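The figures that follow rest on heavy atoms only: side chains count, while hydrogens, waters and symmetry mates do not. All figures in this text were calculated on a predicted structure; none of them were measured in a lab. Reminder, nothing fancy here: chain letters follow the sequence lines and each chain counts from 1.
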Protein chains: 2
Amino acid sequence: MAARDYGQYSGISQALELIGERWALLIVRDLLVGPRRYGELAAGLPRIPSNILATRLKELQAAGVLRRVPRSRVIVYELTPYGRELEPVVLALGAWGFKALGEPRDEQVITRESLTIDLRTAFRPQVAAALPATAYRARLGATELLIRVDGPALDVASGDGPADLAFATGPDLRRVITGELAPDRAIATGVVEVLHGPGGLLDRFASTFHLAA
Amino acid sequence: MAARDYGQYSGISQALELIGERWALLIVRDLLVGPRRYGELAAGLPRIPSNILATRLKELQAAGVLRRVPRSRVIVYELTPYGRELEPVVLALGAWGFKALGEPRDEQVITRESLTIDLRTAFRPQVAAALPATAYRARLGATELLIRVDGPALDVASGDGPADLAFATGPDLRRVITGELAPDRAIATGVVEVLHGPGGLLDRFASTFHLAA
DNA sequence: CCGAATCCGGCTCGATACTG
DNA sequence: CAGTATCGAGCCGGATTCGG
């Protein structure tokens, strides 16, 4: 236990010993969206080997970050209160990394969980509070999200439901969120395809979800 | 390059590919205190192998996190503006890990850099702003720090200088910062030894630097 | 089928020695 | 002082197998 230890008595080294191993923080990120089963975690992290996922789940459980909960004949993993306190860390780290995102490579996937957290990262509650409540349905590749903004509150769910604006897009949505691509240009160039509702609402979307590059 | 890749197009996975490797964030933490030479970094991270330090410095440089700067015949490493934007991440992570700190093990060291960042983590600007400007000199084992609080500003330096309160302590200072140990009890039990100035100022210190457990 | 455990090759990491 | 070289241990990644 002392061998692979950072050997420092400090907050950060302690944090890194709890969630600094490879894949650990991505598991935490996905669990921030909600409790998940083993297979759901594996599906959301396509490149994680199953032995690593099993090992990390045990380590994170031992660290008090998550819990293994039997729920109606199946097992789900959920964050403990202490684990949920990682949300500001994950959002801050996501905001930092988001700025360094370039063009997506072919092998890179966008999952529902990662997109949900990225949207939470870019969400500006104080801006949203001044705008009318709005529901967006966004299709990004194969994943479909229902994004409901009501005052300073954000709710991202899968599935359908009534939406003021429905649109289909791709990874280049990032350029709208960074402000690199104006909403009307995004529609004009086909980066965003409006499926339903007034395209002008994409302006509101871009104001609500923004992260300077 | 694709082999050890997380394979996701998201802010967090991008961040982890830049600073998720072992030791990387500890290097960033130490550089947040100020530019450092190779040997200073190695001294501040006693357990890092020299080849890993050299490798990380190259990777972090390639990632745009730090720069290698010749300065009057020696080379120093300093964070780029983008690297400095990791400060909120490091502070948030440090605050989270700080709460999980238990009793220090014998082999664990406390360095000037780690202590400086831990103090920044626990610093409460809004509380400090309402208190008179105060300078503390803290000796923790072998490291001596001059902590100057002036309104909402915090400055931590090594070396000496005039201080309103000077005290010697150990790792158990953590229990004062978490509120687990009241300042007067800390002095009574010898956890904090007042070297100079009125011991009552330790109350002010505990109000200024606080992190709930 | 879900939730892992097992096995194995390769590569990272850790420790130490060495060099300009 | 600022790294580079070397080498063994062990973690990670990929595939397969196993139990409920």
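At most 12 heavy atoms of other shown residues, nucleotides or ligands fall within 6.0 angstrom of atom CZ in B:R185. The environment of A:R139 atom CZ is sparse: at most 12 non-hydrogen atoms of other residues, nucleotides or ligands sit within 6.0 angstrom.
B:Y38 contributes a side-chain N or O that, together with a main-chain N or O of B:S50, makes up a donor-acceptor pair within less than 3.5 Å.
The pair B:R29-B:E113 fails the salt-bridge criterion, with no side-chain N (NZ, NE, NH1 or NH2) lying under 4.0 Å from an Asp/Glu carboxylate O. Ionic pairing of A:R22 and B:E21 is present here: one or more N-O contacts between side-chain nitrogen and carboxylate oxygen are shorter than 4.0 angstrom.
Applying the 4.0 Å criterion to OP1 and OP2 of C:dC2, one finds that A:Y77 has every side-chain N and O outside that range. OP1 or OP2 of C:dC13 lies within a sub-4.0 Å distance of a side-chain N or O belonging to B:R56. OP1 or OP2 of D:dT4 has at least one side-chain nitrogen or oxygen of B:K58 nearer than 4.0 Å.
Note on A:I75: only backbone sugar-phosphate atoms sit closer than 4.0 angstrom, heavy atoms only; bases stay farther off. Residue A:R68 is classed as a sugar-phosphate contact, given heavy-atom separations below 4.0 Å to backbone atoms only.
In this structure, CG of A:L60 is placed 16 Å from C1' of C:dA4, rounded to the nearest angstrom. Rounded to whole Å, atom P of C:dG3 lies 8 Å from atom CD of A:E40. Taking atom CG of residue B:L57 and atom C1' of nucleotide D:dA2, one finds them 10 Å apart after rounding to whole Å. Following rounding to the nearest Å, A:L53 (CG) and D:dC11 (C1') show an atom-to-atom distance of 16 Å.
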- Task: Check the pair A:L60, A:Y77 against side-chain contact (heavy atoms from CB on, under 4.5 Å), reporting the backbone distance first and the verdict last.
- Result: CA-CA 10 Å; A:L60 291 171; A:Y77 296 89; over 6 Å; no
- Query: Which is it for A:L57 and A:L41 under the side-chain contact (heavy atoms from CB on, under 4.5 Å) test, yes or no, and what are the steps along the way?
  - Reply: CA-CA 10 Å; A:L57 287 173; A:L41 288 169; 4.0 Å; yes
Collect all protein-nucleotide pairs involving nucleotides 13-15 of chain D in which both atoms are nitrogen or oxygen and the distance is under 3.5 Å.
residue : atom : partner : partner atom : Å
D:dG13  : OP1  : A:R22   : NE           : 2.5
D:dG13  : OP1  : A:R22   : NH2          : 3.2
D:dG13  : OP2  : A:W23   : NE1          : 2.9
D:dG13  : O6   : A:N51   : ND2          : 3.1
D:dG14  : O6   : A:N51   : ND2          : 3.0

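Using a 4.0 Å cut-off on heavy atoms, none of the residues of residues 28-38 of chain A approach DNA chain D.
Tested against B:Y9, the residues A:Q108, A:E103, A:R174, A:E107 include a single side chain to side chain donor-acceptor pair (under 3.5 Å) partner, A:R174.
When all heavy atoms of B:V176 and B:A186 are compared, the pair lying nearest together is CG2-CB, 3.8 Å.
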